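See structure below.
Note that the structure is a prediction, hence the values are computed from the model and not measured. The figures here come from the full heavy-atom set of this structure, side chains too, leaving out hydrogens, waters and symmetry mates. Whatever order the structure lists them in is the order used to number ligands and atoms, beginning at 1.
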Amino acid sequence: MPMKYDVCIVGAGFGGLAAAAELTRKGMSVAVLEASNELGGSAGKYERQGYRFQSGATVGMGFEPGGVFDRLYTSLGLDKPSMTLLNPIMDIHMPDRTIHYYSKKAQWYNEIEHHFPEDASRIQAFYDEVFRVGEMVDAMVEKLPVFPPKTLSDWIRLTPMISRNSIQLLPYMNQTVYDRLKKYNLHQNRLFQIFLNGELMDSVQTSVERCPAFLGFTALQTFHKGAFAVHGGLASVAEQLSKYIKESGNEVFLRHPVHVVEKKGAGYHLHSKRSKVFESDYVILNNSVHNLHDTLSEELRNQSYIKPEKEKSREAWGAFIIHAGVHEEVFNNTDVLYHQFIDPNHPDDLHDGGQFLLSLSDPSDDQMAPAGMRSLTISTHTNVSQWWESEDYEAAKKRMNQRLIDTVNHYFPGFEDRLDLVLPGSPVTFQKWLRRDQGKVGGYAPTGKYSWIRSYSIRTGIKGIYQCGDTVFPGAGTLGVTLSGLMAAKELTR
Ligand SMILES: Cc1cc2nc3c(=O)[nH]c(=O)nc-3n(C[C@H](O)[C@H](O)[C@H](O)COP(=O)(O)OP(=O)(O)OC[C@H]3O[C@@H](n4cnc5c(N)ncnc54)[C@H](O)[C@@H]3O)c2cc1C
């Protein structure tokens, strides 16, 4: 006999867990089915030889008072995990300088004056705009609109949200960040663009030329609202959400891959391992739009408005990642936990090792590493196809691993000699861990000023089946993904 729930959720990423927690709070019976042995997906963890490694995401955002996670924790009656507020958010290591990327506005504006003395007042004016526009977008997205609107009721519900504020956003919806830089005559400041590209790649997966202004500005201002190193990694959040769901009487099943979702009567059947079947009235797919067509029965696939060829043609990055332990003395001369590196020989490369983020565990966080050691994650964007087409995959992996380590060694001499347990991973590894098609992670990369209009909403086009996660509006990052999970939960219970 199938186990029966109001809602079954495929995947225990941040989107799926947020949706499940919210539906649980609203009194629905929910089962989360997760294929792997871990919670949190791209923002999860795994443990090896006394280290805890973060599977992808390391920077927590939205935990400040009034932020997305702050509100979620309050509504669920939970206490937030312990965490360290990052200020500077990160150090950016460039060939001729280190920029301290301060979270506090006054300190950041001083840093701008220090590094960009000629253009400082214009960069500060640009940032004033970033903060203003970012606030307006946040105010809209917090209302959890279904976007882009698909049905008449989506349009009807969107209309009252259009206020004087949102009309002021229109100019930023048909311009890129680069267009705005031109307005401030900053488009020829190469150093500032290298810096901005680094931040935008990390948060929106794209560069100044291709990033819609309102998306880029929202991401940039989010850093300054508060970036955090969550103790135990962001997986601590996933663990708390799962605990809440289970203690409230619902279920989270690990090692339960969903092979197929099919229509049965008025609801759905989800087939999992050893012929186990789960039955529900509604389904939320959190296993990414990249995998939508692999999860649905042929009948349901044909009902979806998402066409596989179109979906596959959309640009998305993979990640090359290194997890390792490092002796704590290597970073003894800095309190900064997050370091962005620009390859001194190729400062304009945005991916494949040209620039990347190194995240160190907080020395006060004893869940992450044995005494005297720190756990680290290095990650760079990478084109996925090269890893599947490579004639010598192992050699390619070794080369990329060495390139990243060499760059860190350039800025922190002695780094390589003080490493322990170096575990590199490519998109092939990500597909294996997280099942995401070809190892594509982090959502779609915006490709121009109007690319946001082509986002996928939480609607799949199939009655009773919703989707959430980083391939769904508002997209990238644990914060955006959590909002999409809450949007799906809101729509489903309307
Ligand atoms: C290297 C890297 C660094 C990042 N850095 C940051 C950062 O610093 N800060 C930040 O906020 N964000 C960051 N991100 C982005 C963020 O991690 C993701 O956008 C977010 O975690 C994605 O969540 P999701 O809900 O879309 O689900 P995912 O994380 O994709 O999880 C989906 C889950 O579904 C499961 N699943 C898949 N198929 C099935 C199936 N058939 N049956 C059952 N379960 C299934 C998977 O095992 C997985 O657990 C980073 C991402 C990467 C890859």
Exercise for the section: Please confirm whether Tyr101 and Phe195 have ring centers closer than 6.0 angstrom. Expected result: yes
Exercise for the section: Could you pull out all residues at least two apart from Lys276 that satisfy side-chain hydrogen bond (donor to acceptor under 3.5 Å, both in side chains)? Expected result: His256
Is there any protein N/O under 3.5 Å from an N/O of ligand 1, and what does the full list of such pairs look like?
unit_1	atom_1	unit_2	atom_2	d
ligand 1	8 (O)	Thr58	N	3.1
ligand 1	8 (O)	Val59	N	2.9
ligand 1	9 (N)	Val59	O	2.9
ligand 1	11 (O)	Thr478	N	2.9
ligand 1	11 (O)	Thr478	OG1	2.6
ligand 1	19 (O)	Asp470	OD2	2.9
ligand 1	19 (O)	Gly477	N	3.4
ligand 1	25 (O)	Phe14	N	3.4
ligand 1	25 (O)	Gly15	N	2.9
ligand 1	25 (O)	Asn286	ND2	2.8
ligand 1	26 (O)	Asp470	N	2.9
ligand 1	29 (O)	Ser42	N	2.7
ligand 1	29 (O)	Ser42	OG	3.0
ligand 1	30 (O)	Arg436	NH1	2.6
ligand 1	41 (N)	Val258	O	3.0
ligand 1	42 (N)	Val258	N	2.8
ligand 1	44 (N)	Ala35	N	3.0
ligand 1	47 (O)	Glu34	OE2	2.6
ligand 1	49 (O)	Glu34	OE1	2.7
ligand 1	49 (O)	Glu34	OE2	3.1

Problem - NZ or CZ of Lys80 within 45° of Phe69 ring axis and under 6.0 Å - result: no
Handout entry: Ring centre gap for Phe412 and His93 strictly below 6.0 Å
Key = yes
Problem - Salt bridge present between Lys225 and Asp138 (N-O < 4.0 angstrom) - result: yes
Practice task
Run the salt-bridge test on Glu47 and Lys45 with the 4.0 Å N-O cut-off and return the result as yes or no.
Solution key: yes
